[in-house]
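The structure presented is a predicted model; accordingly, all values stated were derived computationally and were not measured. The figures that follow rest on heavy atoms only: side chains count, while hydrogens, waters and symmetry mates do not. Lettering follows sequence order; numbering is per chain, from 1.
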2 protein chains.
Amino acid sequence: MGQSGKIRISQSELDVMDVLWTQSPLGASEVAQELATRKDWNIRTIKTLLARLVEKGALSTQSEGRRYLYSPLISKDSYAAGATRRLSDRLFGGRAAPLVMHLAKDDGLSHDDIAELEALLAELKNKG
Amino acid sequence: MGQSGKIRISQSELDVMDVLWTQSPLGASEVAQELATRKDWNIRTIKTLLARLVEKGALSTQSEGRRYLYSPLISKDSYAAGATRRLSDRLFGGRAAPLVMHLAKDDGLSHDDIAELEALLAELKNKG
DNA sequence: TGATTATGCCTACAAATGTAGTCATTAAGG
DNA sequence: CCTTAATGACTACATTTGTAGGCATAATCA
């Protein structure tokens with residue numbers, strides 16, 4: 001998993017990562033264009049966030065003419081895995097059931113979700 | 001859920017909340033004593049965190065002589081529910097299965113966990 | 001070909017966070 | 001009684017985060 005374990009990505013930075021996880025590489029203005037629907041951010045703000053993410057090692061750059069194209073160095077999957085595990089360890093002593101129980105509250109789990117989880121559990125039992 | 005929805009609790013603050021979720025009300029020095037095993041924090045640091053948590057509305061105080069006793073105003077459960085849902089929405093579009101899948105990786109789910117989840121799902125199916 | 005735009009680099013600045021220090025007061029111990 | 005320890009109130013200061021602004025340069029449009 002490399003050094004990705006210790007990188008801290010802030011909320012706003014995560015919004016930028018999301019764009020690049022969906023599509024990459026992209027230049028700053030293209031990232032801005034994607035974000036425009038969701039966020040009311042100045043292009044400079046986005047450039048700052050991009051620069052910070054590069055500095056942190058979360059993004060790589062490649063030159064294209066006189067600009068940079070940005071790509072994720074850590075996958076959404078590995079980031080999500082880390083964040084999930086941190087939450088689970090921090091709040092539930094590493095146990096999954098209470099976590100899912102919380103999701104289930106307030107109609108958080110649909111029938112489809114439940115079916116999907118059952119399939120997942122069945123698969124886990126076969127493997128393990 | 002009251003106003004607890006908008007309270008942001010930082011990492012260090014959460015360590016303090018954890019102590020008071022386990023036992024409360026407690027005075028500052030008692031909180032410090034509990035934390036001493038895990039954290040190498042000056043008592044002043046803990047007092048600052050307690051004050052910030054009171055300011056944020058996460059803790060209440062009651063006077064006992066010339067000192068304060070602190071108690072959580074938001075339960076661990078409701079905090080955990082909010083944090084879980086935020087993570088789930090943010091990273092998995094609100095769907096539980098991918099989240100559990102991440103927990104399952106790296107032997108994250110024990111046989112007991114799986115059994116517990118199955119029981120939980122069965123229960124949900126009955127209710128829903 | 002001069003004004004406008006887009007880019008990268010550097011700088012800014014307030015709020016939040018991590019981590020304490022100072023001070024005045026008071027309770028407690030010798 | 002005087003010293004010491006504990007407490008709350010206020011202050012401090014570096015780092016991270018949110019959210020840009022300014023400047024020099026290159027590309028582009030009129």
Side-chain angles (χ1 to χ4, degrees), chain A residues 3 5-20 24-71 79 83 86 90, chain B residues 3 5-20 24-71 74 79 82-83 86 90:
Chain A
Q3 75 281 50
K6 47 194 51 158
I7 296 181
R8 314 242 101 230
I9 295 177
S10 78
Q11 281 307 295
S12 297
E13 286 165 358
L14 194 56
D15 286 317
V16 170
M17 291 301 290
D18 260 336
V19 170
L20 292 161
S24 74
L26 292 179
S29 58
E30 292 156 302
V31 172
Q33 200 166 1
E34 290 298 317
L35 281 169
T37 49
R38 283 164 273 163
K39 297 281 174 178
D40 190 28
W41 277 344
N42 191 295
I43 177 74
R44 305 178 179 292
T45 299
I46 292 162
K47 285 184 181 185
T48 298
L49 294 172
L50 285 167
R52 285 179 185 168
L53 285 165
V54 170
E55 204 177 306
K56 289 180 178 184
L59 294 179
S60 67
T61 56
Q62 70 194 86
S63 295
E64 188 220 42
R66 79 187 202 85
R67 68 179 191 148
Y68 287 143
L69 298 181
Y70 300 86
S71 309
Y79 177 78
R86 272 193 301 279
R90 195 68 176 69
Chain B
Q3 76 281 49
K6 44 195 52 154
I7 296 181
R8 315 242 99 229
I9 295 177
S10 77
Q11 281 307 296
S12 297
E13 287 165 357
L14 195 55
D15 285 316
V16 170
M17 290 303 289
D18 260 336
V19 170
L20 290 162
S24 76
L26 292 179
S29 57
E30 291 156 302
V31 172
Q33 199 166 1
E34 290 299 316
L35 282 169
T37 48
R38 284 164 271 166
K39 296 283 172 179
D40 189 28
W41 277 345
N42 191 295
I43 176 72
R44 307 180 180 291
T45 298
I46 291 161
K47 285 185 180 184
T48 297
L49 293 172
L50 285 168
R52 285 180 184 167
L53 285 166
V54 170
E55 204 177 305
K56 288 181 178 183
L59 294 180
S60 67
T61 56
Q62 70 194 88
S63 294
E64 189 220 41
R66 79 185 203 84
R67 70 180 191 148
Y68 287 144
L69 297 182
Y70 300 86
S71 309
I74 61 183
Y79 177 78
R86 272 193 300 280
R90 194 69 176 71

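- A salt bridge does not link A:K39 to A:D18: none of the charged side-chain nitrogens sits closer than 4.0 Å to a carboxylate oxygen.
- Looking only at distances, no side-chain donor or acceptor of A:T45 sits under 3.5 Å from a matching main-chain atom of A:W41.
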Show your working on side chain to side chain contact (heavy atoms under 4.5 Å, CB included) between A:L59 and A:M17 and close with a plain yes or no. CA-CA 8 Å; A:L59 294 179; A:M17 291 301 290; 3.5 Å; yes
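- In this structure, the CG atom of A:L35 is 12 Å from the P atom of D:dT19, given to the nearest Å.
- Between B:Y68 atom OH and D:dG8 atom C1' there is a gap of 7 Å when expressed in whole angstrom units.
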Please step through side chain to side chain contact (heavy atoms under 4.5 Å, CB included) for the pair B:L20 and B:L26, ending with a clear verdict. CA-CA 7 Å; B:L20 290 162; B:L26 292 179; 3.8 Å; yes
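- Residue whose closest nucleotide on DNA chain C sits further toward the 5' end, between A:S29 and A:R52: A:S29.
- Closest non-hydrogen pair, B:L14 versus B:I9, comes out as N-CG2, 3.6 Å.
- Note on the helix from C:dT1-D:dA30 to C:dG30-D:dC1: terminal axis deviation equals 10°, with five pairs used at each end and the result rounded to 10°.
- We find the CD1-CD distance between A:I46 and A:E34 to be 10.5 Å, quoted to the nearest 0.5 Å.
- Both A:R66 and A:Q11 sit near DNA chain D, but only A:Q11 has its closest nucleotide nearer the 5' end.
- Heavy-atom minimum distance, A:I43 versus A:A28: CD1-O, 3.9 Å.
- Following rounding to the nearest Å, A:E64 (CD) and D:dA27 (P) show an atom-to-atom distance of 12 Å.
- The line from OG of B:S10 to CG of B:L53 is 7.5 Å long, rounded to the nearest 0.5 Å.
- Counting atom types as modelled, B:R67 pairs no side-chain N or O with a base atom of D:dA6 as donor and acceptor under 3.5 Å.
- Listed by residue number, the members of residues 37-45 of chain B with any heavy atom below 4.0 angstrom from DNA chain C are B:D40, B:W41, B:N42, B:R44, B:T45.
- Contacts between chain A and DNA chain C, taken as any atom within less than 4.0 angstrom of a protein heavy atom, begin and end at C:dA6 to C:dA12.
- In this structure, the side chains of A:L50 and A:Y68 stay at 4.5 Å or more apart for every pair of heavy atoms.
- With DNA chain C read from its 5' end, the first of the two nearest nucleotides for B:T48 and A:L69 is the one closest to A:L69.
- With D:dT25, D:dT7, D:dT19 as the choices, the nucleotide that has an atom nearest any side-chain atom of B:K47 turns out to be D:dT7.
- Put simply, A:S12 has a side-chain N or O that comes within less than 4.0 Å of OP1 or OP2 on D:dG18.
- The nearest whole Å value for the distance from the CZ atom in A:R8 to the C1' atom in D:dT17 is 13 Å.
- Using a 4.0 Å cut-off between charged nitrogen and carboxylate oxygen, A:E13 and A:K56 count as a salt-bridge pair.
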Output, in order, the C-alpha distance, side-chain angles, deciding distance and verdict of salt bridge (charged side-chain N to carboxylate O under 4.0 Å, His left out) for B:E55 and B:R52. CA-CA 5 Å; B:E55 204 177 305; B:R52 285 180 184 167; over 6 Å; no
